[in-house]
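Proteins get letters first, then strands, A, B, ... in listed order; numbering begins at 1 in each. Hydrogens, waters and symmetry mates play no part in the numbers below; they use all other heavy atoms, side chains included.
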Amino acid sequence: MSVNSNPENETKKGVDFIRQIINEDIKAGKVPQCVQTRFPPEPNGYLHIGHAKSICLNFGIAEDYEGTCKLRFDDTNPSKEEQEYVDSIVEDVRWLGFNQDEKIYFASDYFDQFYAWAIELIKNGKAYVDSQNAQQIRETRGTPTVTGTDSPFRNRTVEENLELFEKMKNGEFEEGECILRAKIDMAHQNMNMRDPAMYRIRKASHHRTGDKWCIYPMYDFAHGYEDAIEGITHSICTLEFENHRPLYNWFLENVSAPCHPRQVEFARLNLTYTVMSKRRLLELVTEKYVNGWDDPRMPTISGFRRRGYTPSSIRRFAREIGVAKVNSLVDINFLQFIIREELNETADRAMAVLNPLKVVISNYPEGQIEMMEGENNPGDPDAGSREIPFGREIYIEQDDFMEEPPKKFFRLAPGKEVRLKHAYFITCDEVVKDEKGNVIQLNCSYDPATRGGDSPDGRKVKGTLHWVSAEKGKKAEVRLYDNLFTLENMDEMEEGKDYKDYLNPESLVINTSCIVEPSLVDAAPGKSFQFLRQGYFSADLKDHSPEHPVFNRTVALKDSWAKIQKKN
RNA sequence: UUGGACGUCGGCAAGCGGUAAGCCACCGGGUUUUGAUCCCGGCAUUCGCAGGUUCGAAUCCUGCCGUCCAAGCCA
């Protein structure tokens with residue numbers, strides 16, 4: 001047994017509490033063959049970054065212990081589930097780098113076995129058909145401080161229960177007329193143990209079993225059995241199921257199950273400036289606050305993918321936030337730090353002007369174009385270099401010029417000299433304005449001796465600007481993304497406010513008049529670049545084409561100039 | 001006033017009776033043809049609070065305080 005054989009799952013010191021539990025179980029001889037885990041999503045929505053944490057945990061543990069992790073769909077409620085969701089989940093898990101060719105499991109494949117175990121429970125006097133309606137059941141369940149009361153149908157005979165349950169299965173009752181309940185203890189301190197529902201009637205078509213069934217098992221009844229059937233040793237779930245563990249165990253103990261997995265709970269992931277509940281994410285999509293589940297502003301795996309995040313960055317994030325039982329809120333900038341660090345090493349550099357300001361270099365020959373060489377990645381010589389066309393007319397960033405610059409402004413201003421990256425030093429001679437007084441063009445002169453960006457006389461400049469040739473540059477659409485919400489902790493909304501009241505109106509800014517280096521239009525969709533001095537951008541997976549280039553900002557570069565400005 | 005779980009730096013998080021790791025953020029300084037990267041330095045005499053046990057406590061005990069979960073025929 002090689003613990004932590006996968007370097008990606010190694011933590012600096014020690015192992016998380018779940019691996020500690022597993023280690024103890026192995027030492028105590030409680031793990032028969034190998035460690036088996038599972039990732040069991042319900043196909044009722046797209047996976048989000050919180051699921052990624054669980055995926056990395058479960059598959060990561062399986063790798064560490066040389067066991068296996070099964071991707072299993074917990075599809076026990078046909079009214080909420082769809083094939084589209086199972087497809088997207090499979091895609092996302094694979095994209096993250098797990099479950100490449102392995103089998104996919106479905107709880108619905110075990111419906112016959114669940115039914116048989118339900119019969120077994122009835123025969124042992126451990127389950128009964130309750131003919132009360134939902135409201136009556138609710139009212140007799142009691143509260144955390146008041147015990148519940150027994151159903152008048154609680155003492156039906158085994159024969160009667162068997163017959164009634166058979167009729168339920170055969171569709172002889174309407175939805176809500178009756179349910180199958182476990183007979184445990186209506187006075188139990190844990191409300192989950194007060195005769196929980198096992199089967200309810202749902203006359204809905206299931207995405208896999210069609211109309212074969214009209215009764216469907218409840219999570220608590222089914223989940224432990226799903227685990228047992230698959231030989232799971234450690235059933236890892238989130239904290240809200242802690243109260244369900246006694247029930248999980250009860251169902252396994254009262255039936256002839258093949259094994260008894262151990263449920264372990266950990267804290268789910270929360271991120272700043274976003275929401276993570278499937279209900280809300282679904283609402284954002286259906287009510288069109290975002291453009292689909294894979295909108296780059298969404299905290300979904302597909303959203304991050306489209307935003308330009310890589311599988312390895314998400315895996316690393318999952319590993320570095322750790323696993324514990326404390327409810328935590330992780331700063332989104334931690335994720336941003338990780339993708340920045342990765343892209344800094346892997347992304348080719350390029351120049352793109354987001355808000356163009358025309359610069360005419362008066363002393364540069366008209367019609368002349370020369371190719372300047374620029375390295376693709378200053379930190380990686382193997383990344384090679386590319387040729388960038390330079391000419392008399394170029395665009396620079398509007399922000400890179402100020403007519404009346406404050407102190408410490410290292411960029412272009414009247415009479416000031418700057419370096420154009422990979423090209424020449426230029427000096428601003430004249431500012432051209434329109435009738436409203438807006439600066440529309442700069443007339444500059446260049447120093448031919450500074451080709452490549454260095455002055456032979458040792459003259460220094462403080463600022464280096466990115467630029468794009470006006471003649472050779474290409475037009476592109478750039479989508480600038482920011483946090484979806486304005487509140488850092490979405491659990492701390494003001495009284496009476498809805499989460500949608502905190503939607504950030506500037507979460508998406510589309511800029512259609514950007515000018516980019518010509519080579520960029522041929523980028524493959526999904527390819528990432530660092531736009532010099534601005535950030536990391538990736539060619540949009542859906543909308544980018546050479547005819548209509550579209551780039552998404554994955555994350556901005558750190559900007560200490562912005563920080564200085566803020567201070568003043 | 002029910003049961004369960006959890007409280008270590010602004011955010012994650014190690015620590016498991018021998019004297020507070022690491023990462024992010026933040027603050028200084030250096031290098032730089034990206035105000036990026038990189039490099040160097042700073043950043044919890046204290047572990048929710050109060051007692052107790054011990055030569056020694058974030059770690060053990062007691063009591064308090066705070067937060068989260070639980071009254072679906074959702075998962």
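A cation-pi arrangement is not found for R38(A) relative to Y105(A), the charged atom failing to lie both closer than 6.0 Å to the ring centre and inside a 45° cone about the ring normal.
Atom CZ in R194(A) sits about 14 Å away from atom C1' in rG4(B), given to the nearest Å. Nucleotide rC16(B) holds its C1' atom 18 Å from the CD1 atom of I18(A), rounded to whole Å. Rounded to a whole Å, the CE atom of M351(A) is 12 Å from the P atom of rU34(B). Per the geometry, CZ belonging to R268(A) stands 15 Å off C1' belonging to rA5(B), to the nearest Å. Counting to the nearest Å, the C1' atom of rC16(B) and the CZ atom of R19(A) are 19 Å from each other. Between the P atom of rG3(B) and the CE atom of M193(A) lies a distance of 16 Å, rounded to the nearest Å. Rounded to whole Å, atom C1' of rG22(B) lies 16 Å from atom CD1 of I321(A). Whole-Å rounding puts the N249(A) CG to rG4(B) P distance at 16 Å.
Pair assignment for rG51(B): rC61(B), on the basis of Watson-Crick or G-U wobble contacts that are both within less than 3.5 Å. Shown here, rA5(B) forms a base pair with rU67(B); the pair counts as Watson-Crick or G-U wobble because both key distances fall under 3.5 Å. Pairing for rU32(B) is absent, judged as Watson-Crick or G-U wobble with the two contacts each under 3.5 Å. The base-pairing partner of rC12(B), taking Watson-Crick or G-U wobble contacts with both distances under 3.5 Å, is rG22(B). Across all strands shown, rG56(B) forms no Watson-Crick or G-U wobble pair with both key distances under 3.5 Å.
When the P atom is compared between rA14(B) and rG29(B), the two are found 35 Å apart, to the nearest whole Å. Atom name P, nucleotides rU8(B) and rA13(B): the rounded distance is 9 Å, in whole Å. To the nearest whole angstrom, the two P atoms, one in rA57(B) and one in rG48(B), are 15 Å apart. With P as the reference atom, rC65(B) and rG56(B) are 29 Å apart, rounded to whole Å. With both ends at atom P, the span from rG15(B) to rU34(B) equals 42 Å, rounded to whole Å. Taking the C1' atoms as reference points, rC39(B) lies 7 Å from rU31(B), given to the whole Å. Across the P atoms, rG11(B) and rA25(B) are found 15 Å apart, a figure rounded to whole Å. Between rC6(B) and rG18(B), the two C1' atoms lie 27 Å apart (nearest whole Å).
Both D559(A) and A324(A) sit near RNA chain B, but only A324(A) has its closest nucleotide nearer the 5' end. Judged by closest nucleotide on RNA chain B, F334(A) is the one of G453(A) and F334(A) placed further toward the 5' end.
In this structure, K278(A) places its NZ atom where more than 12 heavy-atom neighbours from other residues, nucleotides or ligands lie under 6.0 Å away. More than 12 heavy atoms of other residues, nucleotides or ligands lie within 6.0 Å of CZ in R386(A), so this atom counts as buried by the packing criterion.
Listed by first and then second residue, the side chain to side chain donor-acceptor pair (under 3.5 Å) pairs involving residues 184-194 of chain A amount to none (not counting sequence neighbours).
Q132(A) and S151(A) are linked by a side-chain donor-acceptor pair at a separation below 3.5 angstrom, with hydrogens and angles left out of the test. The closest side-chain donor-acceptor pair between Y128(A) and D195(A) falls under 3.5 angstrom. Under 3.5 Å, the side chains of E139(A) and Q135(A) contain a donor-acceptor pair of N or O atoms.
Candidate nucleotides rU34(B), rC24(B), rC12(B) were compared by shortest atom distance to the side chain of L532(A), and rU34(B) ranks first. Here the side chain of K325(A) is nearest to one of rC6(B), rG35(B), rG15(B), namely rC6(B). For S328(A), taking side-chain heavy atoms from C-beta onward, the closest of the listed nucleotides rU34(B), rA13(B), rC16(B) is rA13(B). Proximity note for L557(A) (side chain, C-beta onward) versus rC16(B), rA36(B), rA25(B): the nearest is rA36(B).
Within the 4.0 angstrom heavy-atom criterion, no nucleotide atom of any strand lies near V555(A). In this structure, K408(A) reaches the bases: a heavy-atom distance under 4.0 Å links it to at least one base atom across the strands shown. Here A562(A) lies out of heavy-atom contact (under 4.0 Å) with every strand. Looking at heavy-atom distances under 4.0 Å, F17(A) makes no contact with the nucleic acid at all.
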> What string of B, S and - do you get for nucleotides 65-75 of chain B, 5' to 3', when a contact is any protein heavy atom under 4.0 Å?
Replying inline: ---SBBBSBBB
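Residue ring and base: F410(A) counts as stacked with rG35(B) (centre distance below 5.5 Å, interplanar angle below 30°).
Anti is the glycosidic conformation of rG11(B), whose angle departs from 0 by more than 90°.
Taking only distance into account, the side chain of Q530(A) meets the base of rU34(B) through a donor-acceptor pair shorter than 3.5 Å. Judged by distance alone with a 3.5 Å cut-off, a donor-acceptor contact links the side chain of R411(A) to the base of rG35(B).
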Atom pairs under 3.5 Å: protein N/O with N/O of nucleotides 37-41 of chain B:
residue, atom, partner, partner atom, Å
rU37(B), O2', N344(A), ND2, 2.8

> Please walk me through it: do F390(A) and Y446(A) pass ring-ring contact (aromatic ring centres under 6.0 Å, His included)?
Replying inline: CA-CA 12 Å; F390(A) 179 83; Y446(A) 84 118; 7.1 Å; no
>> Would Y248(A) and H244(A) count as a ring-ring contact (aromatic ring centres under 6.0 Å, His included) here? Give the steps.
In response: CA-CA 6 Å; Y248(A) 179 98; H244(A) 295 241; over 10 Å; no
> Can Y199(A) and F221(A) be said to form a ring-ring contact (aromatic ring centres under 6.0 Å, His included), step by step?
Replying inline: CA-CA 8 Å; Y199(A) 269 96; F221(A) 166 72; 5.3 Å; yes
>> Apply side chain to side chain donor-acceptor pair (under 3.5 Å) to residues E84(A) and Y46(A) and explain how you reach the verdict.
In response: CA-CA 9 Å; E84(A) 177 195 348; Y46(A) 280 57; 2.7 Å; yes
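Taking all atoms of both residues into account, the shortest heavy-atom contact from F153(A) to S131(A) is CD1-N, 3.5 Å.
Each of F114(A), F251(A), F241(A) was checked for a ring pair (Phe, Tyr, Trp, His ring centres under 6.0 Å) with Y219(A), and the lone residue meeting it is F241(A).
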